[in-house]
Each structure stands twice: as structure tokens, then as C-alpha cells.
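Values in this document were obtained by computation on a predicted structure and should not be read as measured data. The chains referred to below are lettered A, B, ... by the order of the sequence lines, with proteins before strands, and numbering in each begins at 1.
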Amino acid sequence: MIRVQAEDFDIGKEVEALLGGRTDIGAVVTFTGRVRDHAGGERIAEMVLEHYPGMTEAELARVEEEARARWPLQASLVIHRFGRLRPGENIVLVVTAAEHRGDAFAAAEFLMDYLKTSAPFWKKETTGEGAARWVEARESDDAARARWEGERK
Amino acid sequence: MIRVQAEDFDIGKEVEALLGGRTDIGAVVTFTGRVRDHAGGERIAEMVLEHYPGMTEAELARVEEEARARWPLQASLVIHRFGRLRPGENIVLVVTAAEHRGDAFAAAEFLMDYLKTSAPFWKKETTGEGAARWVEARESDDAARARWEGERK
Amino acid sequence: MTVKLLYFAWVREATGVGEEEVTLPPEVTTVGELMAWLKSRGAGYESAFARAPVIRAAIDRAHARPETPIAGAREIAFFPPVTGG
Amino acid sequence: MTVKLLYFAWVREATGVGEEEVTLPPEVTTVGELMAWLKSRGAGYESAFARAPVIRAAIDRAHARPETPIAGAREIAFFPPVTGG
């Protein structure tokens with residue numbers, strides 16, 4: 001399941017809504033990305049997340065489908081926020097559920113590595129001094145994604 | 001932080017209690033282990049988790065300390081339940097928080113692999129037919145632990 | 001050929017436009033050719049597409065490459081490398 | 001030497017005892033020797049420690065091996081391989 005929203009989310013409530021009442025699940029992994037109060041040694045006052053409505057949902061759904069083709073997931077969820085966010089706020093939530101923990105961990109990491117490099121979101125940070133700047137893409141994110149390419153089934 | 005308890009836990013509330021108000025954290029990973037309604041093709045009606053009070057807390061604290069020596073964690077939490085549990089109920093919660101997601105994911109997997117093979121808990125399952133049996137240790141858990149031994153810092 | 005163009009993040013800020021309809025000359029057949037053509041549309045476009053090698057594109061909401069043909073496209077978007085998550 | 005012994009899971013069920021104080025003869029100096037000695041204490045102990053190769057031990061709440069010396073131990077526990085998590 002995929003959601004793109006301005007509102008915050010609660011990890012516990014999302015897991016409960018996704019899995020509540022199910023008795024076949026052995027392992028649940030969640031990943032939450034949060035806004036940090038510093039970047040490259042500078043204080044960050046706030047961040048605006050721009051996205052491409054329509055393509056965002058399509059890309060997230062495609063990434064989720066790819067994860068479910070690779071691992072035997074019993075349930076999955078991706079929520080990504082957009083708009084104005086302050087340090088300490090949630091940005092993204094990924095939930096994966098499987099019978100065994102190895103599958104749930106791998107699928108959650110895969111979902112994060114793929115959405116980081118393919119979902120059309122752009123972060124603009126405002127520093128403590130009031131300067132606004134677009135966040136640059138990180139080579140480490142490309143490297144994180146690349147490690148999954150070789151083992152494609 | 002370590003807790004051994006009979007009571008259930010709420011993932012969202014635990015994360016909030018651990019990290020609420022902090023603005024320096026970029027990545028939060030949670031792992032939740034749950035009781036499954038089947039094992040080896042048989043239906044499981046319930047499970048009793050026995051443990052070794054005193055040693056359990058000591059082992060979990062030792063495993064957490066080891067994880068914090070290996071990865072730059074900003075916070076961590078392990079909760080393990082004991083007593084009578086039914087399918088769908090939570091067994092264990094691991095939370096790791098770090099600036100970057102790779103560290104949070106690795107530390108959470110490490111904590112699970114280590115506690116699975118060193119924390120003194122024993123599961124006794126009751127099948128749908130009323131037969132009770134002790135769960136056997138899995139070789140796959142020893143293998144999961146072994147992969148961390150080579151890369152010890 | 002008439003197509004809707006979208007711009008995001010600093011590409012949008014440089015062109016000064018979020019969305020527009022344009023009629024393309026027939027010699028513009030790929031994403032790369034479209035970027036070169038856009039560059040000639042004014043100072044904002046020129047400054048945005050001066051960085052063409054790092055600009056990414058999507059055709060009808062799917063990632064595309066400079067060599068991807070644009071024939072039949074209804075919506076083409078240009079944006080920096082993504083930084084979500 | 002007097003020591004507290006603890007048994008868990010199927011080791012406890014087989015011995016029929018969860019916890020006991022015992023006085024050990026001086027020739028019992030390691031975890032492995034202690035398991036061999038316990039085996040001779042009755043049918044329940046014999047059936048439990050017949051599976052000695054898979055039984056794990058802890059001395060004063062830290063994992064121990066068959067060759068670990070028991071001198072100075074206050075609490076020694078025997079149990080199957082752990083299955084938590």
C-alpha cells in the first residue's frame with residue numbers, strides 16, 4: 001500500500017491498521033526517516049519537500065511491486081510526506097511483514113534504497129541563517145541502490 | 001535500554017518515548033517478532049515463553065552494548081516478553097536510531113541475530129490438537145549470527 | 001506535436017515556470033533534443049538547461065533518458081536528481 | 001563446594017526440579033564434570049543429561065562451556081539451546 005500525504009503518521013497505528021488481527025506474520029520491520037537539525041555542519045531550521053503528484057504514487061507503487069516480487073512479503077506499506085517539515089518530524093515510513101525476519105529486513109532496506117533514488121521528491125532546506133538551498137543527491141544512495149542490481153531474480 | 005516484561009507493547013508509543021523531542025535523528029528502524037499461528041505445517045494454539053530472570057537482562061544488555069560499540073547509534077531499545085502468548089501477539093521489539101539508515105538497519109539485524117542465539121528464552125508451543133512441545137533451536141539462527149563474527153571491529 | 005511540460009525544484013525556479021503547453025518543431029524527437037531546444041527559449045531556460053547533464057526527465061510519469069524518443073508523449077517533466085526518503 | 005543449580009525448559013521438566021542447592025564432591029571441577037555427576041543423581045537427571053551434548057550452561061548468569069571451571073561459582077544453570085526472539 002502507498003500513501004503520499006502532508007499529514008504526519010503514527011508508526012504504531014499504521015502497523016496496527018496494516019496487520020491488526022493477522023496471526024500468520026512472524027516479523028515486522030519499520031523504517032522511519034526523520035528531518036535532522038543539521039546537515040554538513042550547518043543548522044537546519046526547516047525543510048520543504050516538493051514532489052511530482054501522480055508520478056510519485058506511480059513510482060512508489062512500482063518500487064513496492066518490485067519488492068513483493070523479490071521477497072515473500074505478507075504485507076507492505078510506504079507513506080511519504082510532502083510540504084513544510086521541521087527537525088524531528090517524520091518524512092517517510094516503510095513497513096514490511098513476512099514470516100521470517102531476513103525477508104522483512106531485506107525488503108525494507110530495498111524499498112528505502114529504491115525510493116531514495118527513484119521517487120520524485122526534492123528537499124529544499126532552510127538553514128539557521130535563513131539561506132534556502134536544494135539538497136544535492138548523494139552518491140552513497142546510488143551505491144546503496146546498486147548493490148541490489150546484481151542479485152535481481 | 002532493555003526491558004523484560006509479560007505485558008504487550010505499542011511500537012509507536014515506545015518509539016515516541018525513546019525519541020520524542022529529539023531532532024538529531026535521521027533514521028529509526030524497528031523490528032517486531034510476533035507469534036505465528038502455524039509451525040512446520042501444524043496449527044499453533046498458544047505459546048509459553050520461559051526465561052532465566054537475571055541472566056536475560058544481563059544478556060540483552062550485553063548484546064545492546066555490543067551493537068552500540070559497532071555502530072554509531074543515537075538510541076536503542078530491546079523489549080522481550082515472557083509468559084503465555086497467542087498467535088498474532090508481539091514477542092520482541094528492537095528499536096535502533098542513527099543519523100543514517102544503513103547503521104540503523106545493520107544494528108537492528110545484529111541485535112535480533114544475537115539475542116536469538118544468546119538470550120535465555122525458551123518457547124513451548126501448544127498445537128491445535130493440544131500437544132505441547134519445546135521449539136527446537138534453528139541452524140539458520142546460528143548462521144545468521146555467524147555472519148557478524150568475521151566483521152567484528 | 002503539442003505536449004505539456006513540467007519543471008520541478010531548481011529547474012522550475014530557473015525557468016520561472018511550473019507547467020506549460022508547447023508546440024514542438026518536428027526535428028525535436030528525443031528527450032535530449034528537447035532539452036537543447038528548451039535552452040534556446042530565454043535566459044531562465046538557458047541557465048536551467050546549462051546543467052542538462054544532471055537534469056533528469058520523465059515521459060508520462062516514467063523515468064526517461066536523453067536518448068528516449070518523445071513521440072506520443074503527453075507530459076514531459078524535467079527535474080534534478082531526486083532527494084526524497 | 002555448595003552451589004545453587006537451576007534448570008530450564010525441558011531440562012527442568014526432566015529433572016523435575018527448577019532450582020536446588022547441592023554440595024559437590026571435590027573431583028567435580030568443570031561444567032562437563034558437573035553434568036556427568038548430575039546424571040548419576042536419579043532417573044530424571046539421567047534422562048535429562050543423556051542429552052548433555054546439546055545442553056548449554058551458564059555460570060553466574062554468563063554462558064559457559066563444558067570445559068569452563070566451576071570454582072567459585074554461586075549459581076550454575078542448565079538449559080536447552082535458546083529459542084527466544
Engaged part of A:Lys123 at the chain C interface, taking heavy atoms whose separation is under 4.5 Å: both
Worked check of side-chain contact (heavy atoms from CB on, under 4.5 Å) between C:Thr83 and A:Trp122: CA-CA 5 Å; C:Thr83 56; A:Trp122 303 275; 4.2 Å; yes
Heavy-atom nearest pair, C:Phe8 first then A:His51, reads CE2-O, 3.4 Å
Pair C:Arg61 + A:Glu59, salt bridge at N-O below 4.0 Å: no
Does A:Gln5 have more than 12 heavy atoms from other residues, nucleotides or ligands lying within 6.0 Å of its CD? yes
The interface call for A:Thr56 against chain C, heavy-atom contacts under 4.5 Å, is neither
A:Met55/C:His63 under side-chain contact (heavy atoms from CB on, under 4.5 Å): CA gap, chis, key distance, verdict: CA-CA 9 Å; A:Met55 181 170 171; C:His63 289 289; 3.5 Å; yes
Let me know if C:Arg12 has heavy atoms under 4.5 Å from chain A in its side chain, its backbone, both or neither. side chain
Residues 130-141 of chain A: residues contacting chain C (heavy atom under 4.5 Å, by number): A:Trp134, A:Val135, A:Glu136, A:Ala137
Between C:Pro81, C:Ala58, C:Pro80, which has the largest tally of heavy atom pairs under 4.5 Å with chain A? C:Pro80
If you count heavy-atom pairs under 4.5 Å between each of A:Tyr52, A:Phe121, A:Phe31, A:Phe82 and chain C, which one has the most? A:Tyr52
Just by modelled atom types, is the C:Gly84 backbone N or O under 3.5 Å from a matching donor or acceptor in the A:His80 side chain? no
